[in-house]
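Please find one structure pasted underneath; my questions will follow.
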Amino acid sequence: MFDKFEAFMQKYLTPIANKMDKEVHLSAVKKAMVAMTPLLIVGSFCLIPEAIPNMIGENNVISQWILNNLDIIYIPYNVGMALMSLYVTAIISYHLATSYKQDVPGSMTMGIIAFLMMVVEYTEDGGISKTFFGPKGLFAAMFAAIIAVELFRWCKKKNFTIKMPDSVPDFVSRSFEMIPISVIVIGFFLIVRIVCVNVFHTMPPLIFTNIFAPLVGSMDNPIAYTFLKMLQALLFFFGIHPSVLSPITSPISTQFLAENIAAVQAGGTAMHFYCPGPESAFGNFTGTGVTIGCVFWCFMSKNKALKQIGRVALIPALFGINEPILFGAPIVLNPLFFIPFVIGGGIIGSLGGWAQYFGIMKCSTFTPPYVGVFLEGFLTNLDVMSIPVNAVQLILSIILWYPFVKIYEKTYGANDTSADISAEDAAILEDLDLDF
């Protein structure tokens with residue numbers, strides 16, 4: 001039965017995943033979301049000073065200085081995360097243009113102006129509102145960048161450009177070449193805006209918000225989140241990295257984090273649990289599928305081969321990297337480990353989401369770098385309850401994996417202390433100097 005299931009996955013799911021991973025539009029979106037990580041971190045840091053007066057009181061020099069300079073402290077947030085959709089537009093346009101090997105500056109210019117055509121609103125005093133420049137405009141940013149670059153490509157392909165003599169300098173020639181393209185791109189997005197405002201009586205970004213509302217809302221549902229964790233583990237079980245889903249999931253988690261930060265900045269409470277920080281610290285605790293239990297029992301095994309694998313995998317697992325155990329044990333394509341990895345790992349990985357959903361633990365306002373288990377979880381929300389949640393995940397993983405690793409150990413010989421591993425592989429492991 002497992003062989004039939006494996007054949008089905010390899011025949012139908014693997015080609016789809018590979019195409020998703022290589023598809024230029026999804027790849028551009030994924031790279032744009034990754035590029036936003038520094039802005040998310042800096043924007044999150046801006047919330048820390050404001051919390052200090054609440055911890056040490058307001059009647060002291062430090063707190064008074066912070067309270068008097070909040071406008072300055074929030075500048076990195078206001079020019080960074082609060083404008084993230086604008087930056088996402090530019091980065092998607094850049095990567096798409098690079099993939100198509102077409103004029104990068106021209107493509108980025110068209111992408112940005114297309115986005116601005118869709119989102120710009122004016123305030124009563126004549127200023128420009130930033131309402132849709134932040135997380136609320138992410139889906140509009142993706143649409144604007146992709147369509148603008150595709151229109152640019154189509155115009156070039158159909159020769160809808162102005163050709164200048166070879167004697168004209170290149171930078172002048174490119175400027176004239178962009179005139180017809182600019183007219184077409186701007187005209188298209190002007191029509192989009194007119195239709196949305198005059199026919200649907202709403203701004204274009206809100207159209208995308210309504211279209212994707214079921215998908216976005218499902219990520220704040222712990223049941224749906226549990227199934228997502230299982231799906232990610234299922235993909236990895238068949239050797240497909242879960243990052244193939246990131247073009248779909250990353251925009252949502254990034255939007256939720258930005259909304260959490262904005263809510264706390266405004267004096268409210270963070271409400272979204274599906275954010276990049278908790279996804280790493282809890283959802284992928286010690287790696288996709290929460291495989292620390294497998295690492296632990298391999299490390300404790302009497303079998304030399306499994307013990308070596310456990311030694312190699314232990315330190316990476318403490319920093320959320322579990323490829324050594326996935327491909328070393330192996331867990332990937334191992335029928336015995338399907339239940340603890342896919343089903344058990346999905347459930348244990350979702351515990352952080354459940355804890356935040358029920359208010360046991362605060363929602364995230366920070367995306368820390370990889371700093372190791374427990375500390376990473378605490379930094380996501382500065383809530384001490386993150387430590388017990390990670391501890392429960394650790395204990396459950398160790399309990400869950402015990403019978404499966406012990407059964408697997410018998411395939412090597414339960415009491416066999418001789419190396420069931422090639423001399424070449426043993427030498428490589430010894431060179432790693434992991435005697436701790």
Side-chain angles (χ1 to χ4, degrees), residues 9 12-37 39-40 84-85 87-89 91-96 99 111 115 134-147 149-150 204-260 272-280 282-284 288-289 342 345-346 349-350 352-353 357 364 367:
M9 295 291 289
Y12 296 104
L13 186 59
T14 301
I16 293 174
N18 289 335
K19 287 182 180 179
M20 286 181 61
D21 197 38
K22 295 177 182 178
E23 208 280 326
V24 292
H25 303 93
L26 294 178
S27 177
V29 171
K30 179 168 66 175
K31 291 174 181 177
M33 291 301 105
V34 172
M36 288 298 101
T37 301
L39 293 183
L40 295 176
M84 72 160 56
S85 291
Y87 302 136
V88 165
T89 303
I91 297 170
I92 292 176
S93 301
Y94 169 83
H95 285 295
L96 270 182
S99 298
F115 172 71
K136 292 183 179 179
L138 272 178
F139 290 110
M142 297 173 198
F143 175 80
I146 292 172
I147 299 301
V149 174
E150 289 295 341
L206 295 178
I207 299 291
F208 294 99
T209 300
N210 293 333
I211 292 174
F212 292 106
L215 175 63
V216 174
S218 67
M219 290 297 97
D220 253 351
N221 183 314
I223 296 176
Y225 179 60
T226 302
F227 280 107
L228 173 64
K229 300 312 300 175
M230 289 183 181
L231 175 60
Q232 290 174 338
L234 178 66
L235 290 173
F236 227 153
F237 183 81
F238 287 95
I240 303 169
H241 200 284
S243 63
V244 298
L245 300 176
S246 62
I248 300 170
T249 59
S250 291
I252 299 173
S253 63
T254 301
Q255 176 180 333
F256 282 171
L257 176 63
E259 290 180 0
N260 280 354
H272 302 297
F273 69 77
Y274 183 65
C275 297
E279 175 65 356
S280 173
F282 302 99
N284 295 326
T288 302
V342 177
S350 68
Y357 180 78
S364 172
T367 301

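Since the model is a prediction, treat every value here as computed from it, not as a measurement.
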Enclosure of Tyr94 OH (heavy-atom neighbours >12, cutoff 6.0 Å):
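No, OH of Tyr94 has 12 or fewer neighbouring heavy atoms, counting only those of other groups under 6.0 Å.
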
Does the side chain of Leu235 reach to within under 4.5 Å of the side chain of His241, using non-hydrogen atoms?
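No, every pair of side-chain atoms sits at 4.5 Å or beyond.
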
Between atom CG of Leu257 and atom CE of Met36, what is the distance when rounded to the nearest 0.5 Å?
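If I round to the nearest 0.5 Å, the distance is 12.5 Å.
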
Taking atom OH of Tyr357 as the centre, report whether more than 12 heavy atoms of other residues, nucleotides or ligands fall under 6.0 Å from it.
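Open: at most 12 neighbouring heavy atoms sit under 6.0 Å from OH of Tyr357.
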
Passes ring-ring contact (aromatic ring centres under 6.0 Å, His included), Phe273 versus Tyr225? Steps please.
CA-CA 10 Å; Phe273 69 77; Tyr225 179 60; 5.6 Å; yes

Is it the case that the side chains of His272 and Asn260 hold a donor-acceptor pair, with the cut-off being a distance below 3.5 Å and no angle test?
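The criterion, which ignores hydrogens and geometry beyond distance, is not satisfied for His272 and Asn260.
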
Straight-line distance of Ser99 OG to His25 NE2, nearest 0.5 Å
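Atom-to-atom, Ser99:OG and His25:NE2 are 9.0 Å apart.
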
What distance do Ile92 atom CD1 and Ser27 atom OG have between them, rounded to the nearest 0.5 Å?
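Between atom CD1 of Ile92 and atom OG of Ser27 there are 10.5 Å.
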
Can you name the closest pair of heavy atoms from Gly111 and Thr89 and give their distance?
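Residues Gly111 and Thr89, closest heavy atoms: O-CG2, 3.1 Å.
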
Where do Pro251 and Leu138 come nearest, in terms of heavy atoms and distance?
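Closest approach of Pro251 to Leu138: O-CD1, 3.5 Å.
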
Do Lys30 and Ser250 touch side chain to side chain, with heavy atoms closer than 4.5 Å?
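Not in contact.
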
Specify the closest pair of heavy atoms between Pro135 and Ala258, including all atoms of both residues, with the distance to one decimal.
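Closest approach of Pro135 to Ala258: CG-CB, 3.4 Å.
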
Short question: side chain of Thr226, backbone of Pro222 - any donor-acceptor pair under 3.5 Å?
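Yes, the answer is positive, given that a donor and an acceptor are paired below the 3.5 Å cut-off.
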
pair Met33-Ser246: side-chain heavy atoms closer than 4.5 Å:
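Result no, sub-4.5 Å side-chain heavy-atom pair not found.
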
Test item: Phe115 and Val88 side chains (from C-beta on) under 4.5 Å apart, heavy atoms
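Side chain of Phe115 against side chain of Val88, heavy atoms only: no contact under 4.5 Å found.
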
State the OH-CD1 distance between Tyr274 and Ile252, to the nearest 0.5 angstrom.
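If I round to the nearest 0.5 Å, the distance is 7.0 Å.
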
Does any non-hydrogen side-chain atom of Glu279 lie less than 4.5 Å from one of Lys229?
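When only atoms from C-beta onward are counted, Glu279 and Lys229 do touch, with a gap below 4.5 Å.
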
In Å and rounded to the nearest 0.5 Å, what is the CD1 to NZ distance from Ile91 to Lys31?
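That separation rounds to 12.0 Å.
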
Closest contact, heavy atoms only, Ile223 versus Asn221:
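Shortest heavy-atom separation between Ile223 and Asn221 comes out as N-OD1, 2.8 Å.
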
Rounded to the nearest 0.5 Å, what separation is found between the CD1 atom of Ile211 and the CZ atom of Phe143?
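Rounded to the nearest 0.5 Å, the CD1-CZ separation comes to 9.0 Å.
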
side-chain contact (heavy atoms from CB on, under 4.5 Å) assessment of Phe139 paired with Val216:
CA-CA 11 Å; Phe139 290 110; Val216 174; 3.8 Å; yes

Taking all non-hydrogen atoms of both residues into account, name the closest pair between Ser93 and Ala145 and its distance.
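Scanning both residues, the minimum pair turns out to be OG-CB, 3.5 Å.
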
Grab the two heavy atoms, one from Leu96 and one from Ala28, that are nearest each other, plus how far apart they are.
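Taking Leu96 first and Ala28 second, the nearest heavy atoms are CG-CB, 4.0 Å.
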
Could you check if a side-chain atom of Thr367 sits within less than 4.5 angstrom of a side-chain atom of Cys275, using non-hydrogen atoms only?
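Sidechains of Cys275 and Thr367: no contact.
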
